[in-house]
Amino acid sequence: MSKRILEDDTDSDPRPRTKQRRRSPTPLPLAAQTHLTYPSPDPTSGPAPAFQQPTPLISFSYTPAHELEFTDSALRYFLPPPRRAQLAHAYDRWVRRPEERARVDSLLRALSTARARAHPALTSAVGAVAWRGVITRILTAPYEERDGWDLNVMCVRGVLYLEEHRSEAILREKNDMVPRQLLQTYFGYAFESYCTSATPDGVNVPQRPGDPPGWGGDVNTNVQWCSVVRTKLGDTRLVIGGEVDCVRGKYTGKTDTFVELKTSMSIRGEQDEVRFEKKLLKFYMQSFLLGVPEIVVGFRTPAGEVKTTQTFKTVEIPRLVRGKAHAWDPTVCLRWGDTFLRFLQTHCRAGEDGQEDMVWRAVFRPKVGVELVLLDKAGVDDVVGGEDRVGFLPRWFWQEVEGQAGEAKEVES
């Protein structure tokens with residue numbers, strides 16, 4: 001088993017830092033077994049690396065049976081929610097998809113389809129492929145105080161593939177939430193129902209007796225509409241996929257009408273305000289990565305009654321926390337994300353025999369940093385999970401990539 005640890009070697013003073021500004025970012029990696037040298041001695045200082053405006057590649061839908069189709073059948077349209085919307089409505093009718101391994105298969109199918117359609121944004125080489133949730137976790141790591149994460153990483157033909165690693169214990173925890181947590185999770189989905197319509201005219205007609213005005217239909221978490229975009233962080237071209245809650249007015253084929261929907265507890269005092277402004281970091285990054293221009297937040301009571309709604313322009317969110325004791329800085333996040341991706345590109349390489357089916361595990365622990373481990377056979381078998389895969393990549397995609405590499409060699413010769 002091979003292991004590389006990312007540590008902060010930028011400070012020559014070995015004494016522990018006991019005094020830090022409140023909400024200061026976690027000191028994150030600059031060194032491994034072989035010491036890396038970056039343009040800046042500190043990945044959390046200096047100007048942000050360039051981030052390219054996301055360009056849509058393709059969209060797709062999951063049907064009520066969670067079947068993938070390259071249509072916009074699951075696309076929803078924004079409409080203002082009714083006053084005092086009750087988010088607990090139809091909780092007993094919720095069709096809840098069980099939590100599973102966070103496979104990257106659907107995103108790879110979308111990438112393959114976009115390539116087959118010769119999308120012009122894919123003429124340049126891709127550097128990394130991941131779901132939006134994975135990239136959000138990476139970018140927000142400098143300010144994460146509680147939750148760690150594990151990622152599976154492969155590098156095939158120079159392209160990084162990343163997926164969240166969920167252990168059996170984590171899956172059990174997610175599938176066996178206590179009733180209070182489960183209800184709060186449902187509140188977010190119910191808010192989406194009140195805020196969206198299946199038609200552009202923005203009218204929701206109650207489908208069942210007893211449904212309140214504005215109810216957009218019972219919650220089925222099998223159903224999703226997803227957008228896949230290409231963007232660039234520093235020198236790394238990224239293909240990112242993620243669910244989009246709805247669009248305002250119409251879908252233009254771009255990201256300019258996308259809307260993200262969120263719920264949060266009503267702000268009753270200073271502590272609530274601080275808590276919400278910390279939460280805004282993830283709200284911001286999730287939307288920023290897909291090019292979503294606005295976020296609509298429903299502020300609710302503990303019982304799930306929406307008291308008020310507020311719309312935030314994504315680009316303006318960082319200004320809301322600037323200069324505060326609990327402030328976060330997106331520049332820190334982008335620098336760290338760029339550092340992290342370049343670290344993976346440096347170390348997640350083929351073996352001396354050219355073997356590319358190796359699987360690495362990147363383990364992040366808050367206020368500590370990231371450890372990168374090469375999985376042994378038992379670890380890889382656990383990732384494969386008895387499915388037809390090479391590492392965590394579905395075999396059909398692996399064969400497709402290998403076939404493309406073979407064609408490229410023939411052209412060169």
Across all chains, not counting sequence neighbours, the salt bridge (Lys or Arg N to Asp or Glu O under 4.0 Å) partners of D272 are R268, R275
Between Y143 and W328, does the ring centroid distance fall short of 6.0 Å?
no
List the steps and the verdict of salt bridge (Lys or Arg N to Asp or Glu O under 4.0 Å) for D218 and R208.
CA-CA 10 Å; D218 292 349; R208 293 171 177 256; 3.1 Å; yes
For the pair D211 (side chain) and P206 (backbone), establish whether a donor and an acceptor sit closer than 3.5 Å, ignoring hydrogens and angles.
no
Are F283 and V297 close enough that some pair of their side-chain heavy atoms sits under 4.5 Å apart?
yes
Donor-acceptor pair, S264 side chain versus F299 backbone, under 3.5 Å?
no
Among all residues two or more places apart in sequence or in another chain, which pass the salt bridge (Lys or Arg N to Asp or Glu O under 4.0 Å) test with D105?
R389
Can you tell me if CG on D381 sees more than 12 non-hydrogen neighbours from other groups inside 6.0 Å?
yes
For Y62, enumerate each residue passing the side chain to side chain donor-acceptor pair (under 3.5 Å) test, keeping only those at least two apart in sequence or located in another chain.
S106
Applying side chain to side chain donor-acceptor pair (under 3.5 Å) to R76 and not counting sequence neighbours gives T196
Hey, are the side chains of C226 and V244 touching, using non-hydrogen atoms and a 4.5 Å cut-off?
no
Test side chain to side chain contact (heavy atoms under 4.5 Å, CB included) on Y77 and T199 and set out the steps.
CA-CA 6 Å; Y77 299 87; T199 58; 5.5 Å; no
Aromatic contact between F312 and Y284, with the criterion being ring centroids under 6.0 Å apart: yes or no?
no
Any idea which heavy atoms bring V363 and R361 closest together, and the distance?
CG2-CG, 3.6 Å
Only one of L57, I240, L238, L111 clears side chain to side chain contact (heavy atoms under 4.5 Å, CB included) with R230; which?
L57
Backbone N/O of D147 and side chain of E144: donor-acceptor pair under 3.5 Å
yes
Using 30° and 60° as the class boundaries, would you call the ring planes of W149 and F364 parallel, tilted or perpendicular?
parallel
E273 with K324: basic N within carboxylate O range, under 4.0 Å
yes
Take atom NZ in K232; do more than 12 heavy atoms of anything else shown fall under 6.0 Å from it?
yes
Do the side chains of M265 and P302 get nearer than 4.5 Å, heavy atoms only?
yes
Pairs meeting criterion ring-ring contact (aromatic ring centres under 6.0 Å, His included) with involvement of residues 379-398, two or more places apart
Y161-F397
Sub-3.5 Å donor-acceptor pair from the side chain of T263 to the main-chain atoms of G298, do we have one?
no
Partner residues of A48 under the side chain to side chain contact (heavy atoms under 4.5 Å, CB included) criterion, sequence neighbours left out
T331, L334
Are the side chains of L320 and L280 in contact, using a 4.5 Å heavy-atom criterion?
yes
Any chance you could lay out the side chain to side chain contact (heavy atoms under 4.5 Å, CB included) test for L162 and L344, step after step, and finish with the verdict?
CA-CA 10 Å; L162 299 90; L344 295 183; 3.8 Å; yes
Find out whether L160 and V129 are in side-chain contact, i.e. whether some heavy atom of one side chain is under 4.5 Å from a heavy atom of the other.
no
Atom pair CD1 (I58) and NE2 (H119), whose distance is rounded to the nearest 0.5 Å
8.5 Å
Enumerate the residue pairs fulfilling ring-ring contact (aromatic ring centres under 6.0 Å, His included) with a member in residues 229-251, sequence neighbours excluded, ordered by first and then second residue.
W225-Y251
Specify the closest pair of heavy atoms between P142 and C333, including all atoms of both residues, with the distance to one decimal.
CG-CA, 4.4 Å
Between T231 and Q53, is there a donor-acceptor pair closer than 3.5 Å when you use the side chain of the first and the backbone of the second?
no
Go through E402 and R157 one step at a time and tell me if the salt bridge (Lys or Arg N to Asp or Glu O under 4.0 Å) criterion holds.
CA-CA 8 Å; E402 291 297 298; R157 303 295 176 182; 3.0 Å; yes
In terms of side-chain geometry, is the basic nitrogen of K367 or E145 positioned less than 4.0 Å from the acidic oxygen of its partner?
no
Side chain to side chain donor-acceptor pair (under 3.5 Å) against R248, all qualifying residues, sequence neighbours excluded
E294
D338 side chain to R335 main-chain N or O, any donor-acceptor pair under 3.5 Å?
no
Could you give the side-chain donor-acceptor pairs of residues 133-140 under 3.5 Å, partners two or more places apart or in another chain?
residue: T136; atom: OG1; partner: R132; partner atom: O; Å: 2.9
residue: R137; atom: NH1; partner: G133; partner atom: O; Å: 3.3
residue: T140; atom: OG1; partner: T136; partner atom: O; Å: 2.8

Do the side chain of S61 and the main chain of T63 share a donor and acceptor less than 3.5 angstrom apart?
no
Between D376 (side chain) and G379 (backbone), is there a donor-acceptor pair under 3.5 Å?
yes
Please give me the minimum heavy-atom distance between V370 and W336, naming the atom from each residue.
CG2-CH2, 3.8 Å
Partners passing salt bridge (Lys or Arg N to Asp or Glu O under 4.0 Å) against K250 (at least two apart in sequence or in another chain)
none
Heavy-atom check, side chain of F288 versus side chain of P330, under 4.5 Å
no
If you look only at pairs with a residue in residues 171-181, which of them pass as a side chain to side chain donor-acceptor pair (under 3.5 Å), with sequence neighbours excluded?
none
Please confirm whether the backbone N or O of V203 pairs with a side-chain atom of S197, one donor and one acceptor, at under 3.5 Å?
yes
Any non-hydrogen side-chain atom of M154 less than 4.5 Å from a side-chain atom of C348?
no
Salt-bridge test for R101 and E164: reply yes if a basic N is under 4.0 Å from a carboxylate O, no otherwise.
no
Please determine whether side chain to side chain contact (heavy atoms under 4.5 Å, CB included) holds for the pair I295 and K262, giving the CA-CA distance in whole Å, both sets of side-chain angles, and the decisive distance to 0.1 Å.
CA-CA 7 Å; I295 304 167; K262 297 290 186 182; 4.0 Å; yes
Under-4.0 Å salt bridge between R166 and E99
yes
Evaluate V259 against L261 for side chain to side chain contact (heavy atoms under 4.5 Å, CB included), listing each step before the verdict.
CA-CA 7 Å; V259 180; L261 302 172; 4.1 Å; yes
With side-chain hydrogen bond (donor to acceptor under 3.5 Å, both in side chains) as the criterion, how do T252 and D256 come out once you've worked through the C-alpha distance, each side chain's angles and the decisive distance to 0.1 Å?
CA-CA 8 Å; T252 64; D256 56 339; 2.6 Å; yes
If only atom types and distance count, is the side chain of Y189 paired as donor or acceptor with the main-chain N or O of R96 below 3.5 Å?
no
Salt-bridge present (E387, R103; N to O < 4.0 Å)
yes
Mind listing the closest non-hydrogen atom pair of P54 and G291 along with its distance?
CG-N, 3.6 Å
Might you point out which heavy atoms bring V359 and L374 nearest each other, and give the distance in Å?
O-CD1, 3.6 Å
Sequence-distant partners of T236, side chain to side chain donor-acceptor pair (under 3.5 Å), two or more places apart:
Q345
